[in-house]
Amino acid sequence: MTEPQIIESATPDPTPARFDTLPLDAKLLRAVADSGYALMTPIQAKAIPIVLEGRDVMGAAQTGTGKTAAFSIPLLQRMLKHENASASPARHPVRALVLAPTRELADQVANNIKAYAKHTNLRVTCVFGGIDMKPQTLVLKGGVEVLIATPGRLLDHIEAKNCVLNQVEYVVLDEADRMLDIGFLPDLQRILSFLPKTRQTLLFSATFSPEIKRLSQSYLQDPVLVEVARPNATAKNVEQLFYSVTDDDKRAVVRQILRQREIKQAIVFVNSKLGAARLARSFERDGLRTAALHGDKSQDERLKSLEAFKRGEVDLLVATDVAARGLDIADLPAVFNFDVPFNAEDYVHRIGRTGRAGASGVAVTLVTRADARLVADIEKLVKRTLDLQAFELPDDRGSRSARYEGVERSDRPARPRREESFYDAAPAAAAPRPAYRPPAAPRDAFFDKPYEASQRDEPPAWDKGAAAAPRSVSSNIKPKKKVAALFGAKAPAASLES
DNA sequence: AAAAAAT
């Protein structure tokens, strides 16, 4: 295997190039201008010319820097330029396939591509699960050139022979490292088995572990690695705060920070669907306009929650990692990690929901003593020393729910409906005092010393087996054996690390 | 220890 060519730029070009300097069809340039873009971001400036050349690309750039446009605009240009001569018009084969790991992201990417393609004759559609297949089937049978999909539903359509994929010329894996992880890989491989071997393949993500880089080489031909800044880097414009808390204090801490920093909107990430549902109810009782987004909700509810949040009708979106990747919510000021994510990569993606397109944002991560390993993993991945601070709540906790913690629900006094808004009704307002003390008085020795990746506490019960070997930073693909098994003996040896 | 993606 040949070494991939590496195009890298640590510092953004000081004079960003304009889209209209690119050799693009006027129809595309007009659509880009309609979208309000004149200047390219660094990943766009680097990747678009290479995609236009027809090369396979692995593109890595920080969250919120316009990766979707970086692959879709040159892809549309190539489709306009290179008519599919072999296709018989009656068959309407799909020419470009874009795969995404969540339904909401597939929908968003499809809407972007539709906007860029609006002056062309290319037909763009999106299929994903959770909704009726029939309308999707009708559209597919009518003919579609650009198909955006989540893996499961696409396989359904393939099996039902609703779409023809044997003439696909372009494949994009958005959030490529997620698409290549163990949970998606079997579906992905089945889908790829229906596609021609000769095609242009594009992989894009903000995070690529060395293992995934290696693995992805078996899906790329003579690829160019386009990297803007260090891989796995977090956006510079996101302030990252880490507070040591107890589980019981978490909700009050979030409320306190919302008030203190006057944060009007935030995503609160939790690690489980049930946790998301419960926490959303709790914030709702506190008078915050809250919506939940997780995989146990109907697709209709999921889209409604997200739309309400985007429209600003909702203050808090309590979500699982279904919302961690790719979702573009304009001007979101804050992200909370109510639970520390299990995968360090997901930390990078979660906090990437704020600070998009150059805006500033704050990311607050609540850390309990059980999270030491996870925080160390994040530290190692983002190659930053994380400053863990103690968080002191005001004496009165400012909340009924905190005071009645542990009391049977039926024993609680009926909660009066709030009339004032959450922010106006601040119960702690009478006692203005700093929300937290600097870590001068750490709670115990655990929080006293800085985390180190090598620091190992007694392994938790669930992780006894792994205690001997150091934990992989890329926990997505921890079970190396399984990955190797999928690829048999011919696991690719070429590495992008040089 | 979990979520996501098909039903």
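In what follows, chains carry the letters A, B, and so on, assigned in the order in which the sequence lines appear, proteins first and then strands, with residues in each chain numbered from 1.
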If you only use heavy atoms from C-beta on, which nucleotide in [options] is closest to the side chain of [X]?
{"X": "N343(A)", "options": "dA6(B), dA2(B), dA3(B)", "value": "dA2(B)"}
{"X": "F128(A)", "options": "dA6(B), dA1(B), dA4(B)", "value": "dA6(B)"}
{"X": "D156(A)", "options": "dA2(B), dA4(B), dA6(B)", "value": "dA6(B)"}

Practice prompt. Using the test side-chain contact (heavy atoms from CB on, under 4.5 Å), find all partners of V314(A) that sit at least two apart in sequence or belong to another chain.
Written response: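 Listed in chain order: A291(A), A308(A), F309(A).
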Item to complete: Just call it for G295(A): base, sugar-phosphate, or nothing, with non-hydrogen atoms closer than 4.0 Å on any strand.
Response: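 Sugar-phosphate contact only.
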Side-chain N,O ([X]) to OP1/OP2 ([N]) below 4.0 Å:
{"X": "T102(A)", "N": "dA3(B)", "value": "no"}
{"X": "T150(A)", "N": "dA6(B)", "value": "yes"}
{"X": "R178(A)", "N": "dA3(B)", "value": "no"}
{"X": "R302(A)", "N": "dA5(B)", "value": "yes"}

Worksheet item: Would you say the side chain of D321(A) and the base of dA2(B) hold a donor-acceptor pair, judged only by whether the two atoms sit under 3.5 Å apart?
Response: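 Side chain to base: no pair below 3.5 Å.
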Worksheet item: Taking side chain as C-beta onward, heavy atoms only, is L97(A) less than 4.5 Å from Y170(A)?
Response: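 The answer is no, as the side chains (C-beta and beyond) never meet within the 4.5 Å cut-off.
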Practice prompt. For D174(A), enumerate each residue passing the side-chain hydrogen bond (donor to acceptor under 3.5 Å, both in side chains) test, keeping only those at least two apart in sequence or located in another chain.
Written response: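 Checked D174(A) against side-chain hydrogen bond (donor to acceptor under 3.5 Å, both in side chains); zero matches.
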Practice prompt. Carefully, step by step, assess M79(A) and E145(A) under the rule side-chain contact (heavy atoms from CB on, under 4.5 Å).
Written response: CA-CA 9 Å; M79(A) 295 181 76; E145(A) 282 79 32; 4.0 Å; yes
